[in-house]
Amino acid sequence: MPELPEVETIRLGLVKLLPGRVVADVWHDWHKSFPNAPADAARFLVGAKVKTVRRRAKVLIIELSSNYSLVIHLKMTGQLVFMGDKRFGAGHPTKSLVGELPDKSTRVILDFKDGSKLFFNDQRKFGWMRLIPSIEVPEIDFFKTVGPEPLDDDFTVDKFVERLRRRKNSSVKAVLLDQTVLAGVGNIYADESLWTAKIHPATVVDKIPSTKLVLLHDGLIKVLKLGIEKGGSTDRNFRSAEGKKGNYLTFAQVFRRENQPCPRCGTIIDKIRVAGRGTHICPFCQREPKAKP
DNA sequence: CACTTGACCTGTCCGC
DNA sequence: TGCGGACAGGTCAAGT
């Protein structure tokens with residue numbers, strides 16, 4: 001599920017809710033959701049205090065006072081939902097948004113000393129959580145290969161174009177989704193940014209004029225920022241740390257809007273398949289690239 | 001090497 | 001209503 005704006009939305013919630021809380025216990029039901037829990041949790045998790053919560057690409061990092069970090073990838077259907085302690089009173093707002101937890105998608109529960117809890121729910125079980133010495137976090141395979149953060153100030157047009165052009169023969173959509181080219185873009189924001197720049201997703205990067213790549217760079221940053229501003233996108237599962245749905249899809253131009261008119265020209269939006277993913281386009285604004293002769 | 005295709009899982013929706 | 005198949009926001013390993 002979550003792409004950069006969704007993961008950042010969760011981080012913004014957690015960073016308000018978790019720091020200072022001390023872990024009292026941990027429970028997990030599915031070994032792949034937290035593979036090293038049995039070995040390390042008792043020593044480096046229980047009794048540790050949360051220092052802060054960071055994000056890199058689509059990954060969350062909960063830093064602990066034990067000098068270990070919980071590194072979390074939510075993949076398609078992961079959620080991190082916080083349920084407060086007695087200070088929230090009975091029937092605190094999260095419960096009314098997500099219902100009783102744990103439910104059947106709950107994979108891991110962190111219990112804090114003050115009675116609050118953090119639930120890692122993941123219907124499809126693709127997500128994972130790992131306890132890693134904080135100093136080794138940058139050394140995990142994913143972080144060694146992942147590309148730059150698109151919302152960093154130094155992510156310039158030149159840097160963007162240089163990185164995209166490394167992939168000569170791929171469709172531009174496949175390149176945007178490639179986390180080693182740049183971090184954090186997934187299916188929603190790839191489609192939205194390509195519509196903004198009027199580029200057909202199947203176009204080979206080498207065939208796109210630089211002027212259009214400038215528009216794509218601008219459009220990508222714009223849609224990612226709007227995604228964060230609207231609290232992410234809830235297509236089915238996404239929830240913030242407080243259990244709220246995201247509002248971005250109300251503002252989406254093409255994603256999940258097949259058979260509706262393009263907001264720019266009125267042509268009916270089409271859903272096709274590019275790079276193995278469902279892909280939404282305006283067939284007029286985003287003309288199909290010419291076939292090779 | 002560069003790129004594409006399954007596999008990992010559960011749940012839901014759609015057509016027969 | 002039941003049942004099979006396609007599909008769902010992401011990455012890997014294995015294939016061409």
Side-chain angles (χ1 to χ4, degrees), chain A residues 1-10 28-35 55-60 71-80 102-108 120-130 140-147 163-194 201-206 220 223-224 226-228 230-240 245-252 254-259 271-280 292:
Chain A
M1 94 168 102
E3 307 180 25
L4 187 156
E6 288 71 38
V7 178
E8 182 63 13
T9 297
I10 293 171
H28 71 117
D29 82 323
W30 173 248
H31 71 283
K32 289 183 183 176
S33 295
F34 196 174
R55 178 189 63 76
R56 173 78 170 99
K58 300 171 189 168
V59 177
L60 284 164
V71 179
I72 305 161
H73 200 309
L74 300 169
K75 292 287 180 85
M76 300 280 262
T77 57
Q79 306 175 332
L80 284 173
D103 64 20
K104 64 179 178 178
S105 75
T106 301
R107 309 295 168 212
V108 183
F120 175 25
N121 303 326
D122 185 16
Q123 179 187 99
R124 288 175 74 180
K125 299 183 174 177
F126 290 170
W128 48 260
M129 178 182 281
R130 256 169 258 268
I140 67 173
D141 289 347
F142 183 81
F143 285 152
K144 279 199 291 195
T145 57
V146 75
R163 295 190 73 86
L164 286 194
R165 294 237 188 263
R166 290 180 190 183
R167 298 279 302 273
K168 296 277 175 213
N169 294 309
S170 289
S171 66
V172 61
K173 173 143 182 180
V175 179
L176 288 176
L177 294 176
D178 182 342
Q179 300 298 296
T180 69
V181 172
L182 73 160
V185 179
N187 212 28
I188 299 174
Y189 300 93
D191 283 6
E192 291 292 296
S193 61
L194 288 164
T203 317
V204 170
V205 174
D206 235 25
L220 187 58
V223 298
L224 292 174
L226 186 62
I228 295 170
K230 300 303 174 190
S233 303
T234 296
D235 188 21
R236 344 164 40 90
N237 288 273
F238 173 73
R239 299 297 179 134
S240 71
K245 293 183 177 183
N247 293 317
Y248 176 82
L249 290 187
T250 312
F251 298 85
V254 284
F255 191 83
R256 279 296 139 77
R257 293 196 181 276
E258 57 269 35
N259 304 322
K271 186 172 179 189
I272 60 174
R273 193 153 270 269
V274 177
R277 314 292 301 275
T279 299
H280 308 77
K292 281 177 192 166

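Since this is a predicted model, take the numbers as computed values, not measurements. Here is the naming used below: chain letters follow the sequence lines, and residue numbers restart at 1 for every chain.
Across every non-hydrogen atom of Thr9(A) and Ser240(A), the tightest pair is CG2-CB, 4.1 Å.
The phosphate of dT12(B) has neither OP1 nor OP2 within less than 4.0 Å of any side-chain N or O from Arg236(A). Taking side-chain N and O atoms only, Gln179(A) has no distance below 4.0 Å to OP1 or OP2 of dG10(C).
Judged by closest nucleotide on DNA chain C, Arg124(A) is the one of Trp128(A) and Arg124(A) placed further toward the 5' end. Each of Trp30(A) and Ser170(A) was assigned the nucleotide of DNA chain B with the nearest heavy atom; the assignment lying further toward the 5' end belongs to Ser170(A). For Phe142(A) and Asn187(A), each mapped to the nucleotide of DNA chain C holding its nearest heavy atom, the one lying further toward the 5' end belongs to Asn187(A).
With rounding to whole Å, Ile10(A) atom CD1 is found 17 Å from dG9(C) atom P. In this entry the distance linking CG of Asn169(A) with P of dT4(B) reads 9 Å, nearest Å. dC9(B) atom C1' lies 13 Å from atom NZ of Lys104(A), rounded to whole Å. At whole-Å resolution of the value, NZ in Lys173(A) and P in dT4(B) are 13 Å apart. Taking atom CG of residue Leu177(A) and atom C1' of nucleotide dT5(B), one finds them 15 Å apart after rounding to whole Å. Distance CD (Glu258(A)) to C1' (dA8(C)): 12 Å, rounded to an integer number of Å.
Nucleotide dG4(C): paired with dC14(B) (Watson-Crick or G-U wobble, both distances less than 3.5 Å). Searching all strands for a Watson-Crick or G-U wobble partner of dA7(B) with both distances below 3.5 Å returns dT11(C).
The listed nucleotides are dC3(B), dT10(B), dC7(C); the one nearest the side chain of Arg273(A) is dC7(C). Distance from the side chain of Glu3(A) is smallest to dG9(C) among dC3(B), dT10(B), dG9(C). Of the listed nucleotides (dG10(C), dG9(C), dC8(B)), dG9(C) has the atom at the smallest distance from the side chain of Asp235(A). Between dG10(C), dT10(B), dG9(C), one nucleotide has an atom nearer to the side chain of Lys125(A) than all others, and that is dT10(B). Checking dT10(B), dC8(B), dG9(C) against the side-chain heavy atoms of Gln123(A) singles out dT10(B) as nearest. In the set dG10(C), dG11(B), dC9(B), dG10(C) carries the atom at the smallest distance from any side-chain atom of Arg277(A).
At a cut-off of 3.5 Å, with distance as the only test, a side-chain donor of Ser233(A) or Tyr189(A) sits close to an acceptor on the other residue.
Rounded to whole Å, the C1' atom of dT12(B) lies 23 Å from the corresponding atom of dT11(C). Only the P atoms considered, dA6(C) is 16 Å distant from dT5(B), to the nearest whole Å. Between the C1' atoms of dG11(B) and dC12(C), the separation comes to 23 Å (whole Å). Spacing between dC3(B) and dA8(C) at atom P, rounded to whole Å, works out to 24 Å.
Without hydrogens or angle criteria, Arg163(A) side chain to Leu182(A) main chain gives no donor-acceptor distance under 3.5 Å. Remark: the backbone N or O of Ala252(A) is paired with a side-chain donor or acceptor of Arg257(A) at under 3.5 angstrom.
The 12-atom threshold is not exceeded at NZ of Lys245(A), counting heavy atoms of other residues, nucleotides or ligands nearer than 6.0 Å.
An aromatic stacking contact links Phe126(A) with the base of dC8(B), defined here by ring centres under 5.5 Å apart and ring planes under 30° from parallel.
Look at Lys75(A) and Asp122(A) and you find no salt bridge, because none of the NZ, NE, NH1 or NH2 atoms lies under 4.0 Å from a carboxylate O.
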